[in-house]
Participant: 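Below is a structure I'd like to ask you about.
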2 protein chains.
Amino acid sequence: MNTMDDMEPLGLFPDPRLSGIDGLVGFHIRLASAAVYQHFTETFSDLGLTQKQVAVLWLIEDQPGIAQADIGRRLKMDRASVMAIVNRMQDRGFVQRGASSQDRRRQTLSLTESGHASLELARGCIAEHEKWLKDRFTPAETAMLVELLRRVYV
Amino acid sequence: MNTMDDMEPLGLFPDPRLSGIDGLVGFHIRLASAAVYQHFTETFSDLGLTQKQVAVLWLIEDQPGIAQADIGRRLKMDRASVMAIVNRMQDRGFVQRGASSQDRRRQTLSLTESGHASLELARGCIAEHEKWLKDRFTPAETAMLVELLRRVYV
DNA sequence: GAAAAAATGTGAGTGACACATACAATGTTG
DNA sequence: CAACATTGTATGTGTCACTCACATTTTTTC
């Protein structure tokens, strides 16, 4: 009976492709990123961690003693933003700063016990989140998508 | 000799860093989106417009009289965020609010002369920005990328 | 070896925009 | 009419991007 039950009472939405804005690749990347971020924050509402914060914790566990500047380069963030995140993670007791023996400008970063535990919890949420995302694609499509996206930021 | 346990279907990845954070699709979407946003802001440094602001102007020009709630649904933003952007665009003289004759809860939005002019300038920058982005892909790849991304947010 | 340049961390400030919450006015529906 | 949903508005909080400025330390250059 009902063909395409549009959810809008006023029915103000014509075909989404009518607007020229849908012809922009950047627009779709933006919307997809927003959708992923949205689902991420829902999944992580209990832990209270953002994508960036998890990424930073992850990197620090992967490479203990990593410097803030390295994190910035890895995640394409400027130093000020990295510092803000590290400060927050330090305030919450997940990360500790230490002195570097080689380069006295640097601070070596490492996770605390609490940081390791939180990241372990986070990994479970990430697995769930990634499943939600990857279920849309075949393995080949996933590989294709990652390869195309990689061309954008490398 | 079976060393890959359902990780990758084929050796499509030249990078060996697929374990860890690089194995997450969401991570790549995030990085790509950040790179696009970064280039966008560079291209638009003269105009002083963000992606969202341009998108809102674009939608209003496309559908004069559109309501804020419609914009929110179209761009996946909540009402408060839409209002903040419309306020900013109104303060800068690009957008004007008007009363709706059908529904007195609604405000019809339309562009001012200045708004049309700014959007026209913006379109030039967008073309340049999109070229920067699309030059990485063949037309078929672009279509593929958009199709895959669309699955994420619809 | 000293001066210049670069890298690193830090701080303060601004801006964008997500979230949540609450409220008033208006429509819609039982 | 009463109950509910929608729309716009206002307010506050949090994240994180940008910038500029500054001190320290390392590296490069002369």
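Chain A is the first sequence line, chain B the second, and so forth, proteins listed ahead of strands; every chain is numbered from 1. In this text, all values refer to a predicted model and were calculated from it rather than measured experimentally. Only heavy atoms go into these numbers, but all of them, side chains included; no hydrogens, no water, no symmetry mates.
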Participant: Measure CE/Met89(B) against P/dC17(C) and give the value in whole Å, please.
Facilitator: 8 Å

Participant: Going from CZ on Arg136(A) to CG on Leu145(A), what distance comes out if it is rounded to the nearest 0.5 angstrom?
Facilitator: 11.5 Å

Participant: Tell me whether the OP1 or OP2 atom of dT9(D) has a side-chain N or O from Gln68(B) closer than 4.0 Å.
Facilitator: yes

Participant: To the nearest angstrom, how far is Gln107(A) atom CD from dA7(C) atom C1'?
Facilitator: 14 Å

Participant: Got a salt bridge between Glu141(A) and Arg151(B), using NZ or NE/NH1/NH2 to carboxylate O under 4.0 Å?
Facilitator: yes

Participant: Is the shortest side-chain N to carboxylate O distance from Arg74(A) to Asp22(B) below 4.0 Å?
Facilitator: yes

Participant: Judged by each residue's nearest nucleotide on DNA chain C, which is more toward the 5′ side, Arg92(B) or Asp70(A)?
Facilitator: Asp70(A)

Participant: Quick one: Met83(B) CE to dC17(C) P, roughly how many Å, whole number?
Facilitator: 14 Å

Participant: Within the structure, does a side-chain N or O atom of Arg104(A) lie under 4.0 Å from either OP1 or OP2 of dT24(D)?
Facilitator: no

Participant: Any side-chain N or O of Arg88(A) under 4.0 Å from OP1/OP2 of dG14(D)?
Facilitator: no

Participant: Please state whether the phosphate of dT9(D), meaning OP1 or OP2, lies under 4.0 angstrom from any side-chain nitrogen or oxygen of Arg97(B).
Facilitator: yes

Participant: Given dT7(D), dC19(C), dT10(C), which nucleotide is nearest the side-chain atoms of Arg73(B)?
Facilitator: dT7(D)

Participant: When rounded to the nearest 0.5 angstrom, what is the spacing between CD1 in Ile21(B) and CG in Leu57(A)?
Facilitator: 9.5 Å

Participant: Would you mind telling me which of dA10(D), dG9(C), dT19(D) lies closest to the side-chain atoms of Ala67(A)?
Facilitator: dG9(C)

Participant: When the nearest nucleotide of DNA chain D is assigned to Arg79(A) and to Asn87(B) on a heavy-atom basis, which residue is associated with the more 5' position?
Facilitator: Asn87(B)

Participant: Taking only the side-chain nitrogens and oxygens of Gln53(A), find out if one of them lies under 4.0 Å from OP1 or OP2 of dG14(D).
Facilitator: no

Participant: Within this structure, what is the CD1-to-P distance between Ile85(B) and dT9(D), rounded to whole angstrom?
Facilitator: 14 Å

Participant: Reckon Ala84(B) touches a base, only the sugar-phosphate, or nothing at all at heavy-atom distances under 4.0 Å?
Facilitator: nothing

Participant: Could you give the angle between the helix axes at the two ends of the helix from dG1(C)-dC30(D) to dG30(C)-dC1(D), with five pairs per end, rounded to 10 degrees?
Facilitator: 30°

Participant: Testing Leu49(B), Val56(B), Val86(B), Ile60(B) one by one against Phe94(B) for a side chain to side chain contact (heavy atoms under 4.5 Å, CB included), which residue passes?
Facilitator: Leu49(B)

Participant: Which of residues 34-52 of chain A have a heavy atom under 4.0 Å from DNA chain D?
Facilitator: Thr50(A), Lys52(A)

Participant: Quick one: pull up CG in Leu111(A) and OG in Ser118(A) and give me the separation to the nearest 0.5 Å.
Facilitator: 9.5 Å

Participant: Do Arg88(B) and Asp91(B) meet the salt-bridge criterion of a basic N to acidic O distance under 4.0 Å?
Facilitator: no

Participant: Could you tell me the separation between the CG atom of Asp78(B) and the P atom of dG8(D), rounded to a whole number of Å?
Facilitator: 13 Å

Participant: With a cut-off of less than 4.0 Å, is there a side-chain N or O of Arg105(A) near OP1 or OP2 of dG9(C)?
Facilitator: no

Participant: Nearest 0.5 angstrom please: Lys131(B) NZ to Thr43(B) OG1, how far?
Facilitator: 12.5 Å

Participant: Let me confirm one number: the CG-CD1 distance from Leu149(B) to Ile29(B), rounded to the nearest 0.5 Å.
Facilitator: 6.5 Å

Participant: Any idea how His39(B) and Trp132(B) line up, ring-wise: parallel (<30°), tilted (30 to 60°), or perpendicular (>60°)?
Facilitator: parallel

